[in-house]
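The next block holds one structure in the form of structure tokens; read it before the comments.
Every chain is numbered from 1 and lettered A, B, ... according to where its sequence line falls, protein lines coming before strand lines.
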There are 2 protein chains.
Amino acid sequence: MDFSQIELFDGISASSCRDMLICFGAEFDSFRAGETVCEYSDSPKRRVGILRTGRASMIRIDESGNETLLEEVEEGDIFGEVLCFGDGGDYIKLTCDEDCDVVFLKYDQITKRCEKACEHHSKLVANLFELMAKKTLSLGERIQLLSRRTTRDKLMYYFRLESARRGGEFTLPMSHTRLAEYLCVDRSAMVREIKRLSDDGLVAFDGKKVRIIAE
Amino acid sequence: MDFSQIELFDGISASSCRDMLICFGAEFDSFRAGETVCEYSDSPKRRVGILRTGRASMIRIDESGNETLLEEVEEGDIFGEVLCFGDGGDYIKLTCDEDCDVVFLKYDQITKRCEKACEHHSKLVANLFELMAKKTLSLGERIQLLSRRTTRDKLMYYFRLESARRGGEFTLPMSHTRLAEYLCVDRSAMVREIKRLSDDGLVAFDGKKVRIIAE
DNA sequence: TCCGTTTTGTTGCATTTGCAACATATATTG
DNA sequence: CAATATATGTTGCAAATGCAACAAAACGGA
């Protein structure tokens with residue numbers, strides 16, 4: 001096992017990694033596209049996951065069967081019920097969009113000093129801190145998006161963000177169906193609104209390509 | 001200055017605190033209720049704030065003048081543009097609901113090792129990690145709330161959460177006006193929906209007291 | 001206490017939205 | 001290739017929502 005490429009273990013020697021993996025109760029696992037990494041319905045496992053490779057989606061399904069895309073988890077991201085999406089009663093799962101490699105750490109071991117007092121414990125916490133800061137930012141961005149009142153505003157905010165991130169014209173990184181889940185709006189209503197944006201000359205669409213014309 | 005009650009400095013001696021405050025570029029400040037702690041419109045200051053005492057609100061005001069309550073910041077919470085609410089272009093400010101005491105730390109100093117290699121640097125990062133985990137949870141909760149499609153669902157989710165947290169009946173911790181901002185819906189529409197919830201016998205209201213009757 | 005400000009309650013109305021139901025197109029898989 | 005599943009485009013309609021406007025109530029200082 002090569003730890004050096006994993007951001008979480010950055011600056012920690014391989015032998016220290018091995019020590020720590022024991023005291024953190026680390027588990028490595030792999031999943032195929034479409035498989036479920038974990039479910040957060042029942043008993044919390046109190047562990048933190050790090051996505052080493054692949055892409056996955058945190059999805060909530062409510063009583064009515066509505067699916068909501070809570071967040072996209074990408075390479076290097078952390079996830080876990082201890083960190084986010086505390087118990088609201090609904091069924092939540094993490095599903096792989098691609099094949100994924102995952103590490104799990106026991107949350108309680110992270111903040112408490114371990115008995116063996118691994119010398120690199122604190123370095124690992126610092127690394128986790130970085131990952132967490134990244135996540136916090138992306139959650140905050142999500143809130144900014146969802147706090148728009150209308151579908152039109154959500155779409156424009158999303159398009160502007162993607163456009164800024166990728167520089168001008170960009171390709172939608174997901175299907176309409178999924179985008180609707182991401183914006184938390186009805187798909188058909190969203191498509192209707194997209195057409196209006198196009199008619200009003202604010203945004204130009206060419207297949208999955210999007211270009212903002214006017215603010 | 002007594003550091004011992006501040007969660008951030010938990011487990012760190014007063015003398016180490018003094019050392020660190022220098023290398024972290026720490027600034028202490030106090031604000032009166034109603035005052036603005038900081039604005040995140042223009043140039044990012046790249047610093048992290050910790051609210052030592054008091055309560056404050058992170059508020060966004062968009063071009064149309066709509067105010068959105070992005071998050072409530074309470075005693076011990078951290079805040080800052082580096083951590084959340086990355087640049088979406090809007091004007092964001094943190095306003096005190098009560099008198100507040102605040103510490104600011106330079107973000108870049110946190111993750112980088114300082115030249116003097118303060119021995120307690122890593123302990124402080126671990127403490128920050130805890131604070132951040134708390135924040136991440138609350139942001140995730142917020143996303144769960146905002147991802148409900150209808151005002152009714154948002155209200156019910158909010159009521160259930162508060163009810164669970166405070167055990168049965170509870171008192172609304174904010175005005176209707178502010179709650180509407182928090183749920184990101186129109187106030188009048190929200191009041192209308194509250195009346196419907198009451199009429200439908202799902203929730204009983206008595207002034208600011210709220211009690212859930214049925215799920 | 002009085003005055004100005006903020007909050008609350010309410011209503012009408014145009015617009016937006018969710019929802020259900022299709023037909024069609026586009027993968028995906030055996 | 002055929003068969004099945006999934007995604008897309010579209011529409012009607014009832015319901016929810018945003019918005020504007022206003023009066024009444026509550027609050028907060030001077």
Ring geometry between B/Phe170 and B/Phe159 (parallel below 30°, tilted from 30 to 60°, perpendicular above 60°): tilted

Between C/dT8 (C1') and B/Leu179 (CG): distance, integer Å: 13 Å

Interatomic spacing from CG in B/Leu161 to OG in B/Ser163 - rounded to 0.5 Å: 9.5 Å

Nucleotides 24-30 of chain C: protein proximity per nucleotide (B base, S sugar-phosphate only, - neither; heavy atom, under 4.0 Å): -------

Residues which pass salt bridge (charged side-chain N to carboxylate O under 4.0 Å, His left out) with B/Arg196, listed by chain and number, not counting sequence neighbours: B/Glu193

B/Asp97 CG to C/dT6 C1', straight-line distance once rounded to whole Å: 15 Å

More than 12 heavy atoms from other groups under 6.0 Å of CZ on B/Arg165: yes

Under 4.0 Å protein heavy-atom contact, by nucleotide of nucleotides 9-20 of chain D - B base, S sugar-phosphate only: BBBBB---BBBB

With a 3.5 Å cut-off and sequence neighbours excluded, list the donor-acceptor pairs that the side chains of residues 197-207 of chain A form with protein atoms.
unit_1   : atom_1 : unit_2   : atom_2 : d
A/Asp200 : OD2    : A/Arg152 : NH2    : 2.7

End axis versus end axis in the helix from C/dT1-D/dA30 to C/dG30-D/dC1, the angle rounded to 10°, five pairs used at each terminus: 70°

Listed partners of A/Arg211 passing salt bridge (charged side-chain N to carboxylate O under 4.0 Å, His left out), at least two apart: A/Glu169

Whether A/Arg149 side chain and B/Val185 backbone form a donor-acceptor pair below 3.5 Å: yes

Atom-to-atom span, CD of B/Glu181 to C1' of C/dT8 - whole angstrom: 14 Å

Criterion side-chain hydrogen bond (donor to acceptor under 3.5 Å, both in side chains) on B/Arg60 and B/Thr68, from CA distance to verdict: CA-CA 5 Å; B/Arg60 185 192 63 219; B/Thr68 304; 3.1 Å; yes

Flag, side chain of A/Asp99 to backbone of A/Ala33, donor-acceptor distance under 3.5 Å: yes

Phosphate-side-chain proximity, B/Lys208 and C/dT8, N/O vs OP1/OP2 below 4.0 Å: yes

Test: B/Arg142 cationic atom under 6.0 Å from B/Tyr182 six-membered ring centre, within 45° of axis: yes

